[in-house]
Amino acid sequence: MKKTEILIIGTHPDIVKTIVRLINNREDWNGTGVLSAAEAINAFEATPFTVVLFGGGITEQEEQELTTHFTARHASVICIRHYGGGSGLLYGEIQQALLSN
Amino acid sequence: MAQSVLHTAASRGVADHGWLKSYQTFSFSGYFNPERMRFGALRVLNDDIVAGSKGFGDHPHDNMEIISIPLSGELKHQDSMGNAAVIREGEIQVMSAGTGIYHTEYNNLPQEPACFLQIWLFPNQRNVTPRYHQLSYKELAVPNQWQQLLSPNPNDEGVWIYQDAWFNKGVFDAGTTTSYTLKKPGNGVYVFVIDGEVEVNNQPLHARDGLGIWDTDAITVNISSKADILLMEVPMTL
């Protein structure tokens with residue numbers, strides 16, 4: 001089964017770890033977590049992510065710069081903000097993003 | 001002209017985990033309905049029943065304004081900022097999750113279920129320093145009048161949050177007519193009937209029904225049978 005690759009970027013290590021675990025609870029999704037914009041750029045070089053989630057601690061400017069960088073390399077990537085830091089909104093955010101693709 | 005969206009009690013998502021029964025007005029966790037994603041900045045309206053001594057173990061939140069309003073029973077809250085408190089009916093608790101917070105939430109009583117509304121609003125600022133506050137509003141409640149529970153202003157009545165939102169609650173007798181004037185242009189108001197029967201702008205509502213109204217300055221509420229009502233005024237755009 002081809003899994004949907006999802007990148008989560010946030011500065012709170014425990015929350016990023018939790019989000020990755022929650023994403024990986026879904027057998028058709030694969031989550032990768034990074035803690036900075038630089039790590040996100042490196043991860044994106046290695047993996048063609050379908051969805052990118054901007055989590056807590058990422059500034060609006062970083063979001064804009066990363067979105068520009070990612071869409072220039074992979075036009076169909078979906079970049080969205082993640083809110084809530086847990087399972088409550090996560091699945092809905094990703095499913096909504098995939099529906100809009 | 002005012003626009004509205006009706007969410008009847010029976011149309012809500014339901015999650016039954018044994019220890020927790022949760023009725024969800026908007027998509028949440030395993031309940032996903034693309035037409036039920038939010039009402040403006042109001043993203044979560046969960047009507048939760050937690051069994052005695054059970055609850056939510058340590059879990060994180062970030063960038064969300066989280067409001068808990070107990071309807072019966074007691075909830076015990078502990079968080080990574082060192083706060084530990086019990087909240088009961090007549091009290092409201094707010095957490096600005098901001099850059100990140102961990103907390104637990106348990107029914108503080110061994111036998112009696114804890115029933116509470118858990119409400120999440122998108123914040124108007126991301127990555128704020130996390131904060132927690134709770135207060136009792138019971139002593140100031142006046143029958144047949146709205147009571148402000150929440151606002152964006154630290155010096156105003158009730159708790160405050162990082163959003164241009166105002167919550168009002170009231171218990172009204174049958175036959176009463178009341179109104180609510182919105183505080184901020186462009187905001188909408190979400191009416192949630194906790195108990196009783198009302199008509200809002202001539203739309204009949206029963207217990208646990210919700211009605212979102214926008215493109216209006218005010219609403220009129222006719223009380224058909226004694227009713228406990230929560231009004232949530234929120235921005236319609238993020």
Side-chain angles (χ1 to χ4, degrees), chain A residues 4 6 8-29 31 33-37 51 53-67 78-101, chain B residues 13 15 17 20 22 24-38 41-46 48 56-68 79-81 95-105 118-130 162-163 238:
Chain A
T4 300
I6 300 164
I8 170 79
I9 312 163
T11 58
H12 195 302
D14 290 338
I15 291 181
V16 170
K17 197 173 163 186
T18 300
I19 300 295
V20 170
R21 178 177 55 78
L22 291 167
I23 290 171
N24 290 336
N25 282 345
R26 290 278 303 255
E27 62 178 19
D28 51 342
W29 294 351
V34 296
L35 301 175
S36 70
V51 178
L53 301 172
F54 295 115
I58 302 302
T59 66
E60 205 168 322
Q61 186 181 340
E62 286 175 315
E63 279 183 34
Q64 288 170 359
E65 289 171 359
L66 286 171
T67 300
I78 306 160
C79 299
I80 56 171
R81 282 182 175 172
H82 166 65
Y83 286 89
S87 62
L89 308 188
L90 181 70
Y91 299 127
E93 286 170 341
I94 296 172
Q95 288 180 91
Q96 183 87 338
L98 294 173
L99 275 179
S100 70
N101 195 11
Chain B
H17 301 285
L20 166 69
S22 181
Q24 298 156 347
T25 297
F26 301 102
S27 295
F28 189 83
S29 194
Y31 167 56
F32 176 63
N33 179 344
E35 293 180 0
R36 292 283 192 93
M37 295 307 289
R38 63 188 174 96
L42 173 61
R43 177 60 186 83
V44 172
L45 174 53
N46 289 354
D48 288 350
F56 304 89
D58 204 26
H59 63 283
H61 291 295
D62 70 12
N63 287 320
M64 193 56 66
E65 301 299 298
I66 298 172
I67 299 120
S68 296
D79 65 43
S80 52
M81 294 181 291
M95 235 174 28
S96 298
T99 52
I101 183 174
Y102 273 72
H103 80 140
T104 61
E105 213 159 23
Q118 187 169 160
I119 301 162
W120 294 15
L121 268 63
F122 289 107
N124 58 12
Q125 292 179 52
R126 277 171 70 88
N127 304 324
V128 300
T129 301
Y162 289 99
Q163 188 49 274
L238 299 180

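Every heavy atom of this structure was used, including side-chain atoms; hydrogens, water molecules and symmetry mates were not. So you know, we letter chains A, B, ... as the sequences are listed, proteins then strands, and number each from 1.
- Considering all non-hydrogen atoms of both residues, A:G85 and B:P60 come closest at O-CG, 3.2 Å.
- Contact between A:I15 and B:Y102 at its shortest, heavy atoms only, is N-OH, 3.8 Å.
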Mind running side chain to side chain contact (heavy atoms under 4.5 Å, CB included) on A:Y83 and B:F122 for me, showing each step along the way? CA-CA 8 Å; A:Y83 286 89; B:F122 289 107; 3.4 Å; yes
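- The NE2 atom of A:H82 sits 8.0 Å away from the CE atom of B:M64 when rounded to the nearest 0.5 Å.
- Other residues, nucleotides and ligands place more than 12 heavy atoms under 6.0 Å from the CD atom of A:Q95.
- Contacts between A:T18 and chain B at a heavy-atom distance below 4.5 Å involve the side chain alone, from C-beta outward.
- The candidate from A:G56, A:G55, A:G84 with the greatest count of non-hydrogen atom pairs under 4.5 Å with chain B is A:G84.
- Atom CG of B:D62 sits about 7.0 Å away from atom CD1 of A:I19, to the nearest 0.5 Å.
- Here the CE atom belonging to B:M37 is positioned 8.0 Å from the CG atom belonging to A:L89, to the nearest 0.5 angstrom.
- Put simply, of B:G98, B:G30, B:P34, the one with the most heavy-atom pairs under 4.5 Å next to chain A is B:P34.
- Contact tally against chain A (heavy-atom pairs below 4.5 Å) for B:F26, B:F28, B:W120: the top residue is B:F28.
- Heavy atoms closer than 4.5 Å to chain A are found in both the backbone and the side chain of B:H61.
- In this structure, CD in A:E63 is found 5.0 Å from CZ in B:R126, a value given to the nearest 0.5 Å.
- Without hydrogens or angle criteria, B:N127 side chain to A:G57 main chain gives a donor-acceptor distance under 3.5 Å.
- No part of B:Y31 comes within reach of chain A, as not one of its non-hydrogen atoms sits under 4.5 angstrom from that chain.
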